[in-house]
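Throughout, protein chains are lettered first and strands after them, A, B, ... in sequence-line order, and every chain is numbered starting at 1. Quick caveat, the model's predicted, so the values are computed rather than measured.
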Protein chains: 2
Amino acid sequence: MTNKNPTLSDVARASGVHFSTVSRVMNPATRQMVSAEVAARVLAEAGRLGYRPNRAASTLVTRKSRIIGVVLPDITNAVFPPILLGIEEGLRKHGYLAIVANVGADEEEQLFVINRLLGQQVDGLILATARRDDPVIKMCIDQNVPVVTVNRSDENGVASCVVSDDVVGMRLAVEHLLALGHRHIAHIAGPENLSTGHVRRLGFLAAIQASELAPSQAFVFESSGYSRECGKAALLELLSQSPQTTAVVTGSDLVALGCYDAIRELGLSCPEDISVVGHNDMPYMDMIRPPLTTIRIRHHGIGTEAARLILQTIASPDSPVLDVRLKPELVVRESTAAPRA
Amino acid sequence: MTNKNPTLSDVARASGVHFSTVSRVMNPATRQMVSAEVAARVLAEAGRLGYRPNRAASTLVTRKSRIIGVVLPDITNAVFPPILLGIEEGLRKHGYLAIVANVGADEEEQLFVINRLLGQQVDGLILATARRDDPVIKMCIDQNVPVVTVNRSDENGVASCVVSDDVVGMRLAVEHLLALGHRHIAHIAGPENLSTGHVRRLGFLAAIQASELAPSQAFVFESSGYSRECGKAALLELLSQSPQTTAVVTGSDLVALGCYDAIRELGLSCPEDISVVGHNDMPYMDMIRPPLTTIRIRHHGIGTEAARLILQTIASPDSPVLDVRLKPELVVRESTAAPRA
DNA sequence: CTGAAAGCGCTTACAG
DNA sequence: CTGAAAGCGCTTACAG
């Protein structure tokens with residue numbers, strides 16, 4: 001970029017008008033303030049010179065950057081790419097761009113990144129890092145930064161969220177296992193400080209309660225995270241505590257994969273000895289062995305909705321805080337079957 | 001953001017100094033121009049007020065945004081998330097942020113997005129969309145925009161690239177199959193207009209040539225894309241044209257998955273009837289049935305290198321165009337075996 | 001309908 | 001070491 005890019009003044013000079021007139025022409029909203037012939041001439045010159053509005057300058061004066069910050073906890077977790085895609089498509093359709101940052105669970109790092117994003121004058125934030133009680137989100141709201149959380153929610157009701165309806169998802173999973181004849185069902189719950197961990201656990205319990213199973217026929221084991229390793233360790237421990245278990249519903253496909261590992265290590269087989277239900281329906285879950293029965297979440301739709309919501313929140317800062325819950329669906333494959341007679 | 005954020009002037013007023021002094025303090029590089037006591041006072045006030053430099057303003061005057069545009073062809077393709085992660089980590093370490101845009105193969109769309117990114121004053125572009133002869137890249141170079149391509153390269157030598165060493169990768173695959181005793185090996189090549197398609201094909205041919213196989217014992221079939229569907233169609237057609245084939249090396253795990261589909265549809269089995277080698281080693285390729293033998297590419301490392309290279313190109317615009325090739329490795333799993341006797 | 005001016009929040013020569 | 005000033009490229013009242 002050694003030869004500097006053309007500016008409004010360059011186009012103005014080439015068109016023989018004042019640069020403020022060029023500004024009006026370049027903005028579709030103010031274009032009709034200018035006579036059609038002048039507008040046409042200006043547009044032609046702008047095209048000829050390859051004029052491109054400098055967003056740093058317009059951001060400075062309008063205080064709107066048309067950029068949204070997107071903060072993800074782990075882009076390599078397969079649930080996030082389709083969410084990100086939905087966000088990006090939804091934003092771009094309205095002329096917005098996304099700055100994407102991947103951050104760990106460390107609060108200091110999250111604050112650092114968010115401050116950098118705010119310094120960049122993002123118009124709003126889409127956070128996939130929400131905890132049920134998230135001081136980072138509180139900080140954003142206190143500063144009047146529009147925030148929407150995706151996948152997870154902050155339960156203080158300060159920010160709109162777009163999530164899967166986890167209560168429905170768990171009911172689908174439990175009802176499927178009950179219909180297959182299972183009478184000892186366990187749940188490997190995710191971390192209690194995340195809405196996904198908490199709500200899926202509640203959903204599991206509610207589904208059991210609605211059934212004819214006694215509380216003692218359901219078992220909940222909390223796993224420390226949503227990884228394959230955690231899933232393996234969890235199932236191993238769970239089975240030692242509750243050996244009569246014939247079916248386990250997880251809060252994540254990754255955890256389900258870990259269950260496969262544990263089952264293999266124990267010399268058991270799925271679904272013959274243990275049925276496993278995943279959660280998310282990540283790509284390729286139909287190709288693994290056995291193909292995974294899971295709760296399909298509409299990741300792309302979550303992203304699209306989040307984009308829509310953040311833009312709405314920016315447009316009307318006083319619009320109410322919304323909980324958008326997309327309905328999941330049960331995908332039955334081969335990791336679930338009737339328990340051994 | 002109704003209460004406007006504090007500016008340099010606010011901090012200056014609170015500290016009793018001129019705002020240009022505050023500016024010097026806020027920038028570590030100019031901080032030593034200011035007396036230690038004043039600097040300390042200013043820093044304290046800045047912290048108290050929650051001062052956050054407005055990047056739109058600094059971008060306007062310095063003409064550097066510390067933002068890099070990252071353009072991806074398909075973020076939901078599992079090879080890109082780890083690349084993106086590597087890029088983002090590499091950039092952030094140096095104070096840079098990434099704007100991520102997902103674009104199709106449509107050239108108009110690519111140009112539109114890149115122009116929007118340039119208007120945003122990105123300091124450089126990392127493109128994962130390169131074609132072997134890419135007019136979009138030429139356009140960027142003509143405008144002196146620093147560009148690095150990842151995963152694929154433009155072969156005109158105008159932009160640095162960070163790719164996997166595909167010639168080595170294909171040699172590893174072919175040698176593995178030869179060692180197993182295969183004598184009729186086929187390659188499902190990717191699109192010729194992509195460097196991955198072209199170079200992997202050349203690598204395959206070179207590896208065959210270096211062997212004792214006759215050219216007639218090797219067969220190349222060009223697939224129209226890197227998808228599971230394309231892979232299935234390709235293997236079906238390939239086997240009808242070259243039925244003696246006992247092993248196929250693909251240019252993508254996705255294509256390999258499609259091969260599995262085709263093999264299943266034909267009532268054959270892998271690896272007994274046909275050995276399959278993938279390319280990339282996407283996540284979960286160890287969990288599918290059969291676990292996929294594949295060429296592992298260092299995606300995260302590619303991202304990290306790309307970040308390093310683009311920053312270097314920005315810092316020294318005249319630094320030479322580089323081809324960075326990371327070495328892949330063969331991961332032997334269960335989709336390859338000796339051919340039937 | 002068009003122009004002239006002010007100002008957004010910074011950086012950075014230039015004085016002192 | 002610190003201040004005063006100019007200017008980055010825009011938008012948008014305010015005149016005419």
For nucleotides 10-12 of chain C, give me every protein contact, N/O to N/O, under 3.5 Å, one pair per line with atom names.
residue	atom	partner	partner atom	Å
C/dC10	OP1	B/Y51	OH	2.9
C/dC10	OP1	B/N54	N	3.4
C/dC10	OP2	B/L8	N	2.8
C/dC10	O5'	B/Y51	OH	3.2
C/dT11	OP2	B/S23	OG	2.4

Problem set entry | Partner of A/N102 by side chain to side chain contact (heavy atoms under 4.5 Å, CB included), out of A/V113, A/I75, A/T129 | A/I75
Exercise. Near DNA chain C, under 4.0 Å by heavy atom, which residues of residues 41-50 of chain B?
Worked result: none
Would you mind reading off the distance between [X] atom [atom1] and [N] atom [atom2], rounded to a whole angstrom?
X	N	atom1	atom2	answer
A/Q32	C/dT2	CD	P	12 Å
A/R31	C/dC1	CZ	P	14 Å
A/M33	D/dA15	CE	P	16 Å
A/D10	D/dG9	CG	P	8 Å
B/L60	D/dA6	CG	C1'	13 Å

Considering all heavy atoms of both residues, which atom of [X] and which atom of [Y] are nearest to each other, and what is their separation?
X	Y	answer
B/Y226	B/T196	OH-OG1, 2.9 Å
B/A130	B/R152	O-CD, 3.2 Å
A/L49	A/P6	O-CG, 3.3 Å

Problem set entry | OP1 or OP2 of D/dT2 under 4.0 Å from side-chain N/O of B/H18 | no
For this session: Mind checking side chain to side chain donor-acceptor pair (under 3.5 Å) for A/R63 and listing every partner two or more places apart, or none if nothing turns up?
Result: none
Exercise. Just by modelled atom types, is the A/T7 backbone N or O under 3.5 Å from a matching donor or acceptor in the A/D10 side chain?
Worked result: yes
Exercise. With distance as the sole test, does B/R308 use its side chain to make a donor-acceptor pair with the main-chain N or O of B/L91 at under 3.5 Å?
Worked result: no
For this session: Among the candidates D/dT2, C/dT2, C/dG9, find the nucleotide nearest to the side-chain atoms of B/V38.
Result: D/dT2
Throw together a table of side-chain donor-acceptor distances under 3.5 angstrom for residues 15-28 of chain B, partners on residues two or more places apart or in other chains.
residue	atom	partner	partner atom	Å
B/S15	OG	B/V11	O	2.6

For this session: Starting from Watson-Crick (N1-N3 plus N6-O4 or O6-N4) and G-U wobble pairs under 3.5 Å, report the runs of at least three that DNA chain D belongs to.
Result: C:1-3 with D:14-16, C:5-12 with D:5-12, C:14-16 with D:1-3
For this session: Could you tell me whether the side chain of A/N156 reaches within less than 4.5 Å of the side chain of A/D133, counting heavy atoms only?
Result: yes
Problem set entry | Contacts of B/R132 that satisfy salt bridge (Lys or Arg N to Asp or Glu O under 4.0 Å) - sequence neighbours left out | B/E155, B/E192
Seminar exercise, completed: Distance col, row A/Y96:OH vs A/I310:CD1, nearest 0.5 angstrom, shows 9.5 Å
